[in-house]
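Written out below as C-alpha cells is the structure these notes cover.
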Amino acid sequence: MERRRSVLLLPGQGAQRERMAAGLYEARDEFTAPMDEFFGRLGTTGSRLRSAWLRPAPNPELDESAVAQPLLLAVGHALGRAVGTAAEPPALLLGHSVGELAAACLAGVFDPADIGALAAARSRSLEGTGYGGMLAVAATEGQLAEELGGFGDGLAVGADGVAVGADEVAVGADGTDVGANGVAVAGVAERAVFAGVAVAALNGPRQTVLAGPREALAAVEQHLRDRGILVRALRSGHAFHSPVMAGAALRFGEALAGFGPRAPRAAAGTVVSTRTGVAVTEDQARDPHFWGGQLAAPVRYWPALRELLDTLGRRPGLLLLDGSADRSLSAPARHHPAVREGASEVVPLLAVGRDAGGPADARVFAEALHRLGEQRDHTGDHTVVS
C-alpha cells in the first residue's frame with residue numbers, strides 16, 4: 001500500500017495568536033527544547049519575547065513585527081522539530097511568509113542554532129522602512145484588479161494623451177476607467193489614492209491579501225467596503241510582500257549571506273516555495289537573496305498548495321499538518337476535491353478558539369501523532385518518491 005506524504009504547513013504574519021502553541025511548552029520536551037534554545041540565544045530580548053508569547057489575549061504587542069515575526073519563526077521551527085522527533089520529519093514543508101524561513105531551517109538550509117540570530121537580522125532589516133498595513137479581502141486577484149483598476153504606482157499617460165494604468169485600462173473623459181468589457185472601474189483620482197497598494201498574498205480561491213502604505217490601504221478598504229466586499233485588517237504594522245518592502249528585502253538578503261545558506265538535506269523534507277510554487281532548488285537555497293527577496297514578493301500560498309493537491313492529493317494522498325493557531329492554512333484545502341473525497345486529509349497540530357494555547361494543544365498534538373503512527377502501522381515504511 002502506498003503511503004501518504006505528510007505536508008507541514010507553517011503560518012506567517014497575520015496568523016499570529018496570543019499563546020500560539022503555548023500549550024505544548026513544558027508539556028512536550030521535543031517542542032520545549034528548541035523554544036528554550038531560541039529564547040536563550042537572544043538573552044534579554046529572548047526573555048521579553050517569551051513573556052510576550054505567553055501573555056494571554058488581548059496582547060497588542062503581538063501586532064508588532066519585531067515581536068510577531070521572531071515568535072512565528074521560533075514556534076514554526078519548534079513544531080516541525082517536535083513532529084520530526086516524536087513521529088518523523090514531514091516529507092514536504094510549505095511555509096507562509098516567515099513560515100517559509102522556518103521551513104528552510106527545518107530542511108537544513110540554515111543552522112537551527114542560528115534561528116535567534118536570523119530572527120534578529122530580519123527584525124533589523126525592517127527598521128525605518130516598509131511601514132504600512134495588510135488587508136485580507138474576500139475576492140480573487142482578478143476581481144480586485146478589475147475593481148481597483150489594477151495595482152501599482154498609479155496612472156501613466158500614453159503618447160495620445162489618454163491616461164492608462166499599468167494594466168492598460170483606458171480612462172474615459174469623465175475620469176472613469178473603462179475595462180475591456182466596458183465596465184467602469186476605479187477612476188483617475190481613486191487610482192492615484194490607491195498608489196502603492198499591491199497583492200501581497202493569495203491564500204485561497206477567494207482569499208487575497210493586499211498590502212501598501214496605510215493611507216492608500218485605508219482608501220482601498222473604504223472603496224471595497226462601499227462595494228459590499230468583505231475586508232479585514234491583518235495584524236501587521238508593515239506592508240509585507242509588496243514593493244514597499246524592497247529596501248528591507250535587500251538588507252535582509254545581505255544579512256543572510258553571513259549565515260551561509262546551504263542546499264537542503266535530502267532526509268529533512270522538501271521545501272515547496274510559496275514564491276515559485278515548486279520545490280526550492282539547490283541554487284535557490286544557497287542564494288541569500290532568494291530568501292531575503294521574499295519580503296517584497298507576493299506569497300502564492302494557495303497556488304502552491306493547490307498544485308500539491310492536484311498532483312499528489314489523490315495517489316498516494318497527503319496528510320496536511322496544519323501548524324497555524326487558527327487553522328487558516330488548511331481552510332482552503334478542505335474544499336479541494338482530493339480532501340473532500342477523502343484521498344487526502346487535514347490533520348491539525350494545535351487547538352483553536354478558547355482552547356488554544358492551553359492544555360488542549362497537547363491533546364490535539366498527541367492526536368496528530370497518533371494519526372501519523374496509524375499511517376505507519378498500516379503502510380509499513382514504504383514511502384513514495386516522485
Side-chain angles (χ1 to χ4, degrees), residues 9-16 94-100 130 132-154 165-167 169 177 179 181 183 185-186 190-191 193-245 272-277 294-310 322 324 326-336:
L9 308 177
L10 296 172
Q13 183 83 31
Q16 72 270 23
L94 185 65
H96 191 295
S97 187
V98 71
E100 186 162 302
M134 305 183 77
L135 193 68
V137 186
T140 67
E141 182 181 17
Q143 288 173 321
L144 289 175
E146 182 175 341
E147 181 64 42
L148 302 174
F151 300 99
D153 296 326
D167 53 359
V169 175
D177 290 347
N181 59 1
V183 177
V185 291
E190 288 173 307
R191 285 288 300 277
V193 173
F194 298 162
V197 175
V199 171
L202 301 176
N203 291 340
R206 289 180 54 82
Q207 300 172 32
T208 305
V209 175
L210 302 178
R214 285 211 172 273
E215 289 187 7
L217 201 65
V220 167
E221 179 176 4
Q222 188 59 55
H223 176 84
L224 295 177
R225 289 187 187 279
D226 290 344
R227 299 300 180 96
I229 298 174
L230 295 176
V231 299
R232 176 173 60 89
L234 297 181
R235 301 178 70 170
S236 176
H238 287 78
F240 288 107
H241 308 294
S242 76
V244 175
M245 301 298 297
V272 178
S273 174
T274 52
R275 283 189 67 183
T276 65
Q294 180 210 64
L295 279 173
V299 178
R300 303 185 62 81
Y301 174 77
W302 171 238
L305 179 56
R306 183 182 59 208
E307 178 67 15
L308 285 177
L309 288 166
D310 286 346
D322 190 343
S324 64
D326 57 1
R327 300 194 185 166
S328 58
L329 294 178
S330 60
R334 294 178 185 276
H335 302 288
H336 191 281

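The chain is numbered in sequence order, starting from 1.
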How about [X] and [Y]: do any of their side-chain heavy atoms sit closer than 4.5 Å?
| X | Y | result |
| --- | --- | --- |
| M134 | H238 | no |
| P298 | L202 | no |
| Y301 | L9 | yes |
| S273 | E100 | yes |
| V209 | V199 | no |

For the atom pair [atom1] ([X]) and [atom2] ([Y]), what is the distance rounded to the nearest 0.5 Å?
| X | Y | atom1 | atom2 | value |
| --- | --- | --- | --- | --- |
| L135 | L210 | CG | CG | 6.0 Å |
| L309 | H335 | CG | NE2 | 12.5 Å |
| Q207 | S328 | CD | OG | 8.5 Å |

Counting distance only, does the side-chain N/O of [X] pair as donor-acceptor with the main-chain N or O of [Y] below 3.5 Å?
| X | Y | answer |
| --- | --- | --- |
| Q16 | G14 | yes |
| E147 | L224 | no |
| H241 | A296 | no |

Can you see which heavy atom on [X] is nearest to which on [Y], and at what distance?
| X | Y | value |
| --- | --- | --- |
| G12 | V98 | CA-CG1, 3.9 Å |
| L234 | A136 | CD2-CB, 3.9 Å |
| A239 | M245 | O-CG, 3.0 Å |
| V272 | L94 | O-CD1, 3.3 Å |
| F240 | A200 | O-CB, 3.4 Å |
| A304 | G277 | CB-CA, 3.9 Å |

Could you give all pairs that pass the salt bridge (Lys or Arg N to Asp or Glu O under 4.0 Å) test and reach residues 209-225, with sequence neighbours left out?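 Found E221-R225.
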Apply the test side-chain contact (heavy atoms from CB on, under 4.5 Å) to residues H336 and D310: give CA-CA distance (whole Å), side-chain angles for both, the deciding distance (0.1 Å), then the verdict. CA-CA 9 Å; H336 191 281; D310 286 346; 2.7 Å; yes
With sequence neighbours excluded, what pairs up with Q143 under the side chain to side chain contact (heavy atoms under 4.5 Å, CB included) test?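 For Q143 the side chain to side chain contact (heavy atoms under 4.5 Å, CB included) partners, ignoring immediate neighbours, are A139, T140, R206.
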Enclosure of R300 CZ (heavy-atom neighbours >12, cutoff 6.0 Å): no
Would you check if there is a donor-acceptor pair between the side chains of Q13 and S97 at a distance under 3.5 Å? no
